[in-house]
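Quick notes on the structure that follows.
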Protein chains: 2
Amino acid sequence: MAEDDRRTIPEATVARLPIYLRTLADLAASDTATISSERLAELAGVNAAKVRKDLSHLGSYGTRGVGYDVEYLVYQMSRELGLTHDWPVVIAGAGNLGQALANYAGFGNRGFPVVAMVDTDRSKVGSRINGVPVRHLDELEDIVAEHGDIIAVLATPAGAAQDVADRMISAGVTSVLNFAPAVLNVPDHVWLRKVDLAVELQILSFYRQRHADATATATASAGNGEPAATGTG
Amino acid sequence: MAEDDRRTIPEATVARLPIYLRTLADLAASDTATISSERLAELAGVNAAKVRKDLSHLGSYGTRGVGYDVEYLVYQMSRELGLTHDWPVVIAGAGNLGQALANYAGFGNRGFPVVAMVDTDRSKVGSRINGVPVRHLDELEDIVAEHGDIIAVLATPAGAAQDVADRMISAGVTSVLNFAPAVLNVPDHVWLRKVDLAVELQILSFYRQRHADATATATASAGNGEPAATGTG
DNA sequence: CCGGGATCGTTCACGTGTTCACAAAGTCGC
DNA sequence: GCGACTTTGTGAACACGTGAACGATCCCGG
Ligand SMILES: NC(=O)c1ccc[n+]([C@@H]2O[C@H](COP(=O)([O-])OP(=O)(O)OC[C@H]3O[C@@H](n4cnc5c(N)ncnc54)[C@H](O)[C@@H]3O)[C@@H](O)[C@H]2O)c1
Ligand SMILES: NC(=O)c1ccc[n+]([C@@H]2O[C@H](COP(=O)([O-])OP(=O)(O)OC[C@H]3O[C@@H](n4cnc5c(N)ncnc54)[C@H](O)[C@@H]3O)[C@@H](O)[C@H]2O)c1
C-alpha cells in the first residue's frame with residue numbers, strides 16, 4: 001500500500017517478471033485483451049496468488065471482476081524492466097559459446113544488440129561473426145567509450161574470467177552475465193548473474209541419484225531387479 | 001542431529017554443492033589437504049556459516065580445530081551428487097546452441113557424455129558434430145533404450161520445446177534441462193531445470209534501469225546533465 | 001597431562017518468499 | 001438500478017533460507 005512497496009520490488013518477483021512479460025507478449029500477439037491472474041499463473045507455471053502479489057508491486061493495474069489489461073501490463077512491465085530502450089552487449093570470448101551467442105537472433109531482436117566481441121586470440125581479432133566485429137580485449141575501453149553503458153557477457157575460459165571481469169568493471173561496466181564456471185568477485189555496485197551448465201547438470205544428477213537410491217532400497221525388499229543404475233561405486 | 005537431517009538436503013544447499021565441489025577439486029589439484037569453512041566460503045563466494053551448515057547436511061566430516069579433509073569431502077560430495085558414474089546426455093536441436101554444446105569438451109569430461117543429438121531437420125540427421133551422431137527425433141525411443149536413463153537437454157526452438165519434452169518424458173526421461181525460452185509443463189516425477197538467457201539479461205536490465213532512475217532523480221536537483229539513458233519513452 | 005588456540009556443528013533470531021483466504025471492488029444481466 | 005458473480009489486492013500464517021553467536025571438540029606444545 002505504501003509508496004515504498006511499489007518502488008521496492010522483491011528479488012524473487014523481479015526474476016519472474018520476464019516470464020510474465022514473455023507470456024503476455026504471446027497473448028497480445030494472439031489478440032487477447034485481458035487476462036486473469038489464474039490463467040496467467042497457469043501459462044507462466046506459477047501460483048495465482050503469487051501472480052497477483054507480483055503484479056501488485058508494479059501498481060494496481062488490474063480490474064476486479066475482469067482481470068488485467070494485457071497490453072497495458074506489457075507496457076508497464078517493459079518500462080519497469082528497462083526495456084524501453086536497447087542495452088548494448090559485449091561478448092568476451094569468441095569461441096564456441098561466444099560465437100553461438102553472437103549468431104543468436106533472439107538477442108538483438110529483443111533489445112540487447114551485440115555491438116562487439118572481444119578476444120585475445122589475434123587470429124580471431126578483425127573477423128566478424130554474424131556481422132559482429134571481433135576486437136582485441138585491449139580495445140575494451142574504446143568500446144565502452146563508444147557505446148556507453150554496456151552489459152558484459154563472459155564466455156572466456158574459466159581461468160580468464162576474473163581478469164576479464166576486472167577489466168570490464170574498471171572500464172565502467174556494471175552488469176555482468178558470466179557463463180564461465182568460475183566464482184567471480186565483483187564490487188558491490190556491479191550486478192553479476194551467472195549461468196552455469198555444469199552446476200545445472202549436477203543438480204539434476206543429484207535428484208536423479210536420490211531417486212535411484214530411494215527406488216533401489218524400496219524395491220530391494222520386494223526383490224525385483226530394477227536398480228540398474230547404481231554401479232561404479 | 002537426526003538421521004532425517006542427513007537424508008533431506010535443502011534445495012538451496014543442493015544448488016551450492018556443485019560450486020563447493022568445483023572449488024574443492026581445484027584445491028585437491030593444488031595439493032591442499034585440509035580447508036577451513038572460512039576459506040572455502042571465501043573461495044566459493046558465500047558465508048562461512050552457510051558452508052558449515054551445508055556440509056553438515058552431508059554428515060560430520062570436519063575436524064574441529066583443523067577443518068575439512070579436502071579429498072574426503074570431494075569423495076563424499078561426488079557420491080552425494082551422483083557423480084560416481086556417467087550420466088548420458090541427449091541434446092535435442094542440432095542448431096546454433098546445440099552444436100556449441102556438443103562441441104563443448106567440459107561436458108563429457110565431467111561425467112556427462114553427449115551420446116546423441118536429435119533433430120527433425122533431415123539435412124542434419126546422419127551427420128556428426130564433434131563425434132556425436134545427429135539422429136532423427138523419431139529414433140528417440142531407440143536412443144533411450146540403448147543408453148538407459150539419460151538427461152535431456154533441450155535446444156530446440158521455443159515452439160517445439162513442449163512437444164519434444166513430452167516425447168522425451170514418454171520415452172522414460174526424468175531429467176530435463178531446458179534452454180528454450182518457454183515454460184514447460186512436466187509431470188511431478190520429472191525434474192526440470194531451465195537456463196534462460198533472455199530472462200537473465202532482463203533481470204540485469206531491471207537493476208541497471210533502477211540504478212539509472214535513482215541516480216537520475218538524485219542528480220536532477222543537482223542539475224548536472226548525467227541522465228543520458230532515459231529516452232524512448 | 002593440561003591449557004591455549006582454532007574451528008566445527010548447532011541453536012536461535014531474523015528476513016524473505018509462498019500460499020491461503022477473504023473482503024473490497026468492479027462487471028454484467030435483467 | 002440492483003443483485004449475483006467474478007476477480008483483484010492484501011493480511012496473516014506458514015515455510016524456508018540466512019547469518020550471528022557460541023558451546024563442543026579437537027590439535028598441539030610444553
Ligand atoms: N561451449 C559451451 O557449450 C559451453 C557451455 C557451458 C559453459 N561454457 C563455458 O564458456 C566458456 C567458453 O567456452 P567455449 O566452449 O566457447 O570455449 P572456447 O575455448 O571455444 O572459447 C574461448 C574463447 O575465449 C578466448 N579467450 C581466452 N582468454 C581470453 C581473454 N583473457 N579475454 C578474452 N578472450 C579470451 C579464446 O581465445 C577463445 O576464443 C568456458 O568457460 C566454458 O566453460 C561453454
Ligand atoms: N543460440 C544461442 O546462443 C541461444 C541462446 C539462448 C537461448 N537459445 C535458445 O535455444 C534454442 C535453440 O537456439 P538455436 O540458436 O540453436 O536455434 P537454431 O534455429 O539454430 O536451432 C534449432 C534446431 O532445432 C531443430 N528443431 C526444430 N524443431 C525440432 C524438433 N521438434 N525436434 C528436434 N529438433 C528440432 C532445428 O532443426 C534446428 O536444428 C532456441 O529456443 C533459442 O531460443 C539459443
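Because only heavy atoms are used, hydrogens play no part in the values below, and waters and symmetry mates are left out as well, while side chains stay in. Each chain gets a letter, A, B and so on, in the order its sequence line appears, and its residues count up from 1. Being a predicted model, the structure only gives us computed values, none of them experimental.
Nearest to the side-chain atoms of B:Arg52 among the listed nucleotides D:dC27, D:dG11, D:dA21 stands D:dA21. Each of C:dT27, D:dG19, C:dG17 was ranked by its minimum atom distance to the side chain of B:Lys53; first place goes to D:dG19. When each of C:dG26, C:dG17, C:dT19 is scored by its nearest atom to the side-chain atoms of A:Pro10, the top-ranked nucleotide is C:dG17. In this structure, the nucleotide among D:dG9, C:dC8, C:dT19 sitting nearest to the side chain of B:Arg64 is C:dC8.
Looking at heavy atoms from C-beta onward, B:Phe206 lies out of side-chain contact with A:Glu11 at the 4.5 angstrom threshold. Looking only at side-chain heavy atoms (C-beta outward), A:Phe112 and A:Ile151 come within less than 4.5 Å of each other. Looking at A:Leu17 and A:Tyr20, their side chains come closer than 4.5 Å, going by heavy atoms from C-beta outward.
In this structure, the CD atom of B:Glu38 is 18 Å from the P atom of C:dG5, given to the nearest Å. As a whole-Å value, the separation of A:Arg39 CZ from D:dT6 C1' is 17 Å. Atom CG of A:Leu55 is separated from atom P of C:dG17 by 16 Å (rounded to the nearest Å). Rounded to an integer number of Å, the gap from B:Glu11 CD to D:dG17 P is 7 Å. The separation between B:Glu42 atom CD and D:dG19 atom P is 16 Å, rounded to whole Å. If you measure from atom CD1 of B:Ile9 to atom C1' of D:dG17, you get 15 Å, rounded to the nearest angstrom. With rounding to whole Å, B:His57 atom NE2 is found 13 Å from C:dT11 atom C1'. Between the OH atom of B:Tyr72 and the C1' atom of C:dC8 there is a distance of 16 Å, rounded to whole Å.
Between A:Ser36 and D:dT7 there is no side-chain N or O to OP1 or OP2 distance below 4.0 Å. For D:dT7, the OP1/OP2 oxygens have no side-chain nitrogen or oxygen of A:Ser37 closer than 4.0 Å. Phosphate proximity of C:dC20 to A:Asn47: present, with a side-chain N or O under 4.0 Å from OP1 or OP2. Regarding contacts with the backbone of D:dG9, a side-chain N or O of A:Tyr68 is found under 4.0 angstrom from either OP1 or OP2. The side chain of B:Tyr61 places no N or O atom within less than 4.0 Å of a non-bridging phosphate oxygen (OP1 or OP2) of C:dT7.
Nearer to the 5' terminus of DNA chain C, by closest-nucleotide assignment, is the contact made by B:Ala49 (compared with the other of A:Ala49 and B:Ala49). Toward the 5' end of DNA chain C, the nearer of the two residues A:Asp54 and A:Gly65, judged by each one's closest nucleotide, is A:Asp54.
A:His189 and A:Trp191 have their aromatic ring centers separated by at least 6.0 angstrom.
The residue B:Arg16 sits close only to the backbone: its heavy atoms come under 4.0 Å of sugar-phosphate atoms, none of a base.
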Exercise for the section: Would you check, one step at a time, whether the test side chain to side chain donor-acceptor pair (under 3.5 Å) holds for B:Tyr72 with B:Gln76? Expected result: CA-CA 6 Å; B:Tyr72 192 56; B:Gln76 287 296 346; 3.0 Å; yes

